[in-house]
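Here the structure is laid out as C-alpha cells; the discussion comes afterwards.
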Amino acid sequence: MDFNILLSRYETGERDFVGVNLHKVNLREVDLSGANFCGADLSGADLSQANLSGCNFSRANLTDADLTRADLNGANLSEINLIGADLINANLEGTNLSRADLRGANLVRANLTKANLSEAELSGADLSGANLNQANLIETNLNEAELNGVNITGATVTEKEMSGVIMHTGLSHKWITWAGGC
C-alpha cells in the first residue's frame, strides 16, 4: 500500500489495515492512533515520532523499523516482530508486548511503565536507561540484554528472568515483586 493511499483512507475514518504491506514506508511524524495493523508488514519502515497510541500491531512484522520517539501508549504489540528495531525514547507505557520478539532491539530510554512483556524475547536488546516501572517481566528472556541504568521499580519478575543477567551499577531494582511459587 502506498503512503498517500494509507493516509487518505485514515483521514476518511478507515482504521482497519490488517495485513497490509508497508515495507520501508516513511510514516515519520504521522498520526495513525487507533489503527489496526494486525499481521501487517512494516519492516524497515520509518515510524519515528509517529502517534501510534492505541494501535493494534499484533503479529505484525516491524523488523528493523525506526520507532524512535514514537508514541505507542496502550498499543497491542503482542507476538510482534521487532528484531533490530529502534525504539529509542519511545513511549510504550501500558503496551501489550507479550510474546514479542525484540532480539537486538534498541530500547534506550524507552518508557515501558506498566508494559506487559510476559514471555517476550529481549536477548541482546539494549534497555539502557529504560523505565520498566511496574512492568510484567514473567518468563521474559533477558539473556545478554544491556540493563545499565534500568528502572525496574515495582516490576514483576521471577528468579528465572534475573539468573545470568548482569546487574550494572545504576540499575534500580527497589520494590520488585517476585512472582512464583512458595
Side-chain angles (χ1 to χ4, degrees), residues 1-122 125-127 129-141 155-156:
M1 178 178 287
D2 175 82
F3 165 78
N4 293 319
I5 293 171
L6 172 72
L7 289 184
S8 175
R9 288 183 180 176
Y10 184 86
E11 288 172 5
T12 61
E14 186 175 341
R15 297 295 182 264
D16 194 6
F17 302 103
V18 174
V20 297
N21 184 350
L22 295 165
H23 177 69
K24 292 193 175 186
V25 71
N26 183 352
L27 296 170
R28 182 179 176 90
E29 298 179 359
V30 298
D31 182 353
L32 295 169
S33 56
N36 183 4
F37 292 102
C38 180
D41 181 7
L42 288 116
S43 57
D46 184 353
L47 297 157
S48 58
Q49 301 179 52
N51 181 0
L52 305 168
S53 59
C55 282
N56 180 10
F57 285 103
S58 62
R59 295 181 299 284
N61 179 11
L62 277 85
T63 303
D64 296 322
D66 185 355
L67 292 144
T68 301
R69 295 192 307 183
D71 184 0
L72 291 146
N73 186 8
N76 180 2
L77 306 175
S78 62
E79 300 179 38
I80 193 171
N81 180 348
L82 284 162
I83 296 172
D86 281 319
L87 293 136
I88 302 164
N89 289 313
N91 181 13
L92 296 154
E93 184 171 353
T95 58
N96 179 7
L97 284 151
S98 61
R99 295 178 303 283
D101 193 341
L102 292 134
R103 285 176 288 169
N106 188 345
L107 292 143
V108 171
R109 294 180 305 280
N111 180 10
L112 291 150
T113 301
K114 297 182 182 178
N116 178 6
L117 290 151
S118 61
E119 299 180 54
E121 177 64 58
L122 285 158
D126 189 349
L127 290 137
N131 186 356
L132 290 160
N133 186 10
Q134 299 179 28
N136 177 355
L137 298 169
I138 294 176
E139 299 292 322
T140 301
N141 184 356
T156 304

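Fair warning: this is a prediction, and the values are worked out from it, not measured in the lab.
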Got a second to check how far [X]'s [atom1] is from [Y]'s [atom2], nearest 0.5 Å?
{"X": "Arg28", "Y": "Asp66", "atom1": "CZ", "atom2": "CG", "result": "7.5 Å"}
{"X": "Asn116", "Y": "Arg99", "atom1": "CG", "atom2": "CZ", "result": "8.5 Å"}
{"X": "Leu112", "Y": "Asn133", "atom1": "CG", "atom2": "CG", "result": "11.0 Å"}
{"X": "Asp126", "Y": "Asn106", "atom1": "CG", "atom2": "CG", "result": "5.5 Å"}
{"X": "Thr68", "Y": "Asp86", "atom1": "OG1", "atom2": "CG", "result": "5.0 Å"}
{"X": "Asn96", "Y": "Ser78", "atom1": "CG", "atom2": "OG", "result": "5.0 Å"}

Apply the test side-chain contact (heavy atoms from CB on, under 4.5 Å) to residues Leu87 and Val108: give CA-CA distance (whole Å), side-chain angles for both, the deciding distance (0.1 Å), then the verdict. CA-CA 7 Å; Leu87 293 136; Val108 171; over 6 Å; no
Is any side-chain heavy atom of [X] closer than 4.5 Å to a side-chain heavy atom of [Y]?
{"X": "Asn111", "Y": "Asn73", "value": "no"}
{"X": "Leu92", "Y": "Leu107", "value": "yes"}
{"X": "Leu132", "Y": "Leu117", "value": "yes"}
{"X": "Phe3", "Y": "Val30", "value": "yes"}
{"X": "Leu67", "Y": "Leu82", "value": "yes"}

Any idea which heavy atoms bring [X] and [Y] closest together, and the distance?
{"X": "Gly34", "Y": "Cys55", "result": "N-SG, 3.8 Å"}
{"X": "Leu62", "Y": "Ala85", "result": "O-CB, 3.9 Å"}
{"X": "Thr95", "Y": "Gly74", "result": "CG2-N, 4.0 Å"}
{"X": "Asp64", "Y": "Gly84", "result": "OD1-O, 3.6 Å"}
{"X": "Ala65", "Y": "Leu42", "result": "CB-O, 3.9 Å"}
{"X": "Ile83", "Y": "Arg103", "result": "CD1-NH2, 3.1 Å"}

Kindly indicate, with the supporting measurements, whether the criterion side-chain hydrogen bond (donor to acceptor under 3.5 Å, both in side chains) is fulfilled by Asn136 and Thr156. CA-CA 5 Å; Asn136 177 355; Thr156 304; 5.6 Å; no
Identify the residue among Thr113, Asp71, Leu72 that makes a side chain to side chain contact (heavy atoms under 4.5 Å, CB included) with Glu93. Thr113
With a sphere of 6.0 Å drawn around CZ of Arg15, does it hold more than 12 non-hydrogen atoms of other residues, nucleotides or ligands? yes
Do the side chain of [X] and the main chain of [Y] share a donor and acceptor less than 3.5 angstrom apart?
{"X": "Thr140", "Y": "Leu137", "result": "yes"}
{"X": "His23", "Y": "Ser43", "result": "yes"}
{"X": "Asp31", "Y": "Ser33", "result": "yes"}

State which residues pass ring-ring contact (aromatic ring centres under 6.0 Å, His included) with Tyr10; sequence neighbours excluded, sorted by chain then number. none
Arg109 vs Asn89, test: side-chain hydrogen bond (donor to acceptor under 3.5 Å, both in side chains). Steps then yes/no. CA-CA 5 Å; Arg109 294 180 305 280; Asn89 289 313; 3.3 Å; yes
What verdict does the side-chain hydrogen bond (donor to acceptor under 3.5 Å, both in side chains) test give for Asn36 and Asn56, after you've listed the backbone C-alpha separation in whole Å, the side-chain angles of each residue and the deciding distance to 0.1 Å? CA-CA 5 Å; Asn36 183 4; Asn56 180 10; 3.2 Å; yes
Could you go through the side-chain contact (heavy atoms from CB on, under 4.5 Å) check for Leu6 and Leu32 one step at a time? CA-CA 10 Å; Leu6 172 72; Leu32 295 169; 4.2 Å; yes
Sequence neighbours left out, what passes salt bridge (charged side-chain N to carboxylate O under 4.0 Å, His left out) with Arg59? Give chain and number order. none
